[in-house]
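These notes concern the structure reproduced below.
In the text below, chain A, chain B and the rest are named by the order of the sequence lines, each starting its count at 1. Everything numeric in this text was worked out from a predicted model, so none of it was measured.
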Protein chains: 2
Amino acid sequence: MNATPLVQSFVSHFGEMGSRWGINRTVGQIYALLFVSEKPLNADEIAERLSFSRSNVSMGLKELESWRLVKLQHYPGDRREYFSTPDDVWAIFKTLAEERKKREVEPTLTMLRGAMMETAGSEADRHAQARMKEMYQLIELVTTWFSDIQHMDVETLQRLMKLGSQVQKVLQFTQSLSKLTGRDTERE
Amino acid sequence: MNATPLVQSFVSHFGEMGSRWGINRTVGQIYALLFVSEKPLNADEIAERLSFSRSNVSMGLKELESWRLVKLQHYPGDRREYFSTPDDVWAIFKTLAEERKKREVEPTLTMLRGAMMETAGSEADRHAQARMKEMYQLIELVTTWFSDIQHMDVETLQRLMKLGSQVQKVLQFTQSLSKLTGRDTERE
DNA sequence: CTCAATTTTCAGGAATTTCTGAAACTTTGA
DNA sequence: TCAAAGTTTCAGAAATTCCTGAAAATTGAG
């Protein structure tokens, strides 16, 4: 690899990390390279900089496209495809969260929903089903909340996050307000 | 495997999913089995039910222990160790989030911190460093918020989550209040 | 301390995943 | 329509990860 030590360490870190969760080393490194790159790169440039085979890069890029993590563009008079990552890190974060939800959470929710429909044939089954229900409700609450939050604009989100656990006080305050007015601020 | 179809499908789903993110099939299945089990199981029982070798189960349990996801207990007059998962799904969720943070996020933050200390030797480096800083700030904000939230009690947390994006309105309200009083509710 | 019960370690075979080069395919400009 | 430039596919080699059985280590009752 012919990059500065700075970029070098960033790229290899993403390689290692990549394999710690779902994606592989190649994909992690390609992403990292694109993320810090000043200008979009074409597949050959990526292959050369990371010393991967051209075909490996092609597969990696396809994988990144399926995660919606890379942008594709063309330059006039050049037939090659140039890749880059979106500039806005918040947008990247949201995309990542959405995709992980789709790949890791949704299938589990579907399975759990199915299991909860089954008729329990034994005491053990009844217990298992109750446990699955607890898991289902937790996951559903958390993911619904997540997607609620994702639809907020970045400024509000940042404000909320900076507020941190102080939101508790705000909540207590509105709670006592709603007791006064008789209106409930909670949904459902 | 000698389980009911209900437990069967739950366990195999966790096996598949397990390999989709960091942990392997064995570990996923052991966890799933313990999660729905009425009573704690010892290593031999687990090995038998899942048709894994005894040693594989031993390694899987060790892995789960390192994630703090299993409880260990003994019965009088029985030298074997019995394993189970905590009852409270919220507690499980928190543990999982903490461990993932420790394993997946902290190392990245450390690397980024290091990279940001380096002196950029070129225009490309300067750009890379700026990008890393954006990433660093986002991750730090999100994880700090997460741990803030984790320290809230479950009731408050649930209330907050059920509120969903309506929290936006509460926020706008307090914002206008603070304009009136001149006090700022945000930290930092 | 001894011995049997239980758990852990670990070398190497099995299974899976990753990566490559060659070939097939696609696109576009002439 | 053709040829050249570029991209994707895919079979199998290479690397990695997983899993097992055998042996070693640990534990605790007597």
Practice task
Compare all side-chain heavy atoms of E81(A) with those of N42(A) and state whether any distance is below 4.5 angstrom.
Solution key: no
For H127(A) and V36(B), indicate whether the former's side chain and the latter's backbone hold a donor-acceptor pair under 3.5 Å.
yes
Without swapping roles, check the side chain of R54(A) against the backbone of A47(A) for a donor-acceptor pair under 3.5 Å.
no
- Under the 3.5 angstrom rule, does the side chain of S66(A) hit a backbone N or O of E63(A) as a donor-acceptor pair? yes
Heavy-atom donor-acceptor pair, E118(B) side chain to P5(A) backbone, under 3.5 Å:
no
Touch check for N24(A), heavy atoms < 4.0 angstrom, all strands: base, sugar-phosphate only, or nothing?
-> sugar-phosphate
* Are any of the side-chain heavy atoms of I23(A) and Y31(A) separated by less than 4.5 Å? -> no
Taken to the nearest whole Å, CZ/R20(B) to C1'/dT17(C) is 15 Å
When rounded to whole Å, the OH to P distance for the pair Y75(B) and dT6(C) reads 15 Å
- Item | R100(A) NZ/CZ over W67(A) ring centroid, <6.0 Å and within 45° of normal | no
Rounded to whole Å, CG of N56(B) lies from P of dC10(C) at a distance of 16 Å
Practice item. Indicate whether OP1 or OP2 belonging to dG21(C) is found under 4.0 Å from a side-chain N or O atom of S53(A). Key: no
By nearest-nucleotide position on DNA chain D, the 5'-leaning member of D78(A) and S55(A) is D78(A)
Ranking R79(A) and F52(A) by the position along DNA chain C of their nearest nucleotide, the one closer to 5' is F52(A)
Per nearest nucleotide of DNA chain D, the residue lying toward the 5' end, M59(A) or E81(A), is E81(A)
Between its two end axes (five pairs each) the helix from dC1(C)-dG30(D) to dA30(C)-dT1(D) turns, nearest 10 degrees, through 30°
Atom CG of N42(B) and atom P of dT8(C) are separated, to the nearest Å, by 12 Å
note: E63(B), atom CD; dT8(C), atom P; distance rounded to Å ~ 14 Å
**Message:** Check whether Y136(A) forms a cation-pi arrangement with R113(A) (NZ or CZ under 6.0 Å from the six-membered ring centre, at most 45° off the ring normal).
**Reply:** no
Separation of dT28(C) atom C1' from R80(A) atom CZ, nearest Å, is 15 Å
Which part of the nucleic acid, if any, lies within contact of R25(B), taking any heavy atom under 4.0 Å across all strands shown: a base, the sugar-phosphate backbone alone, or nothing?
sugar-phosphate
Quiz item: Counting just side-chain N and O atoms, does K62(B) come under 4.0 Å of either OP1 or OP2 of dT7(C)?
Solution: no
To the nearest angstrom, the CZ-P distance between R54(A) and dT20(C) comes to 12 Å
One should read off an interatomic distance between T108(A) OG1 and F10(B) CZ, to the nearest 0.5 angstrom, of 9.0 Å
Chain A vs DNA chain D, heavy-atom contacts under 4.0 Å, first-to-last nucleotide span, 5' to 3', is dA4(D) to dC10(D)
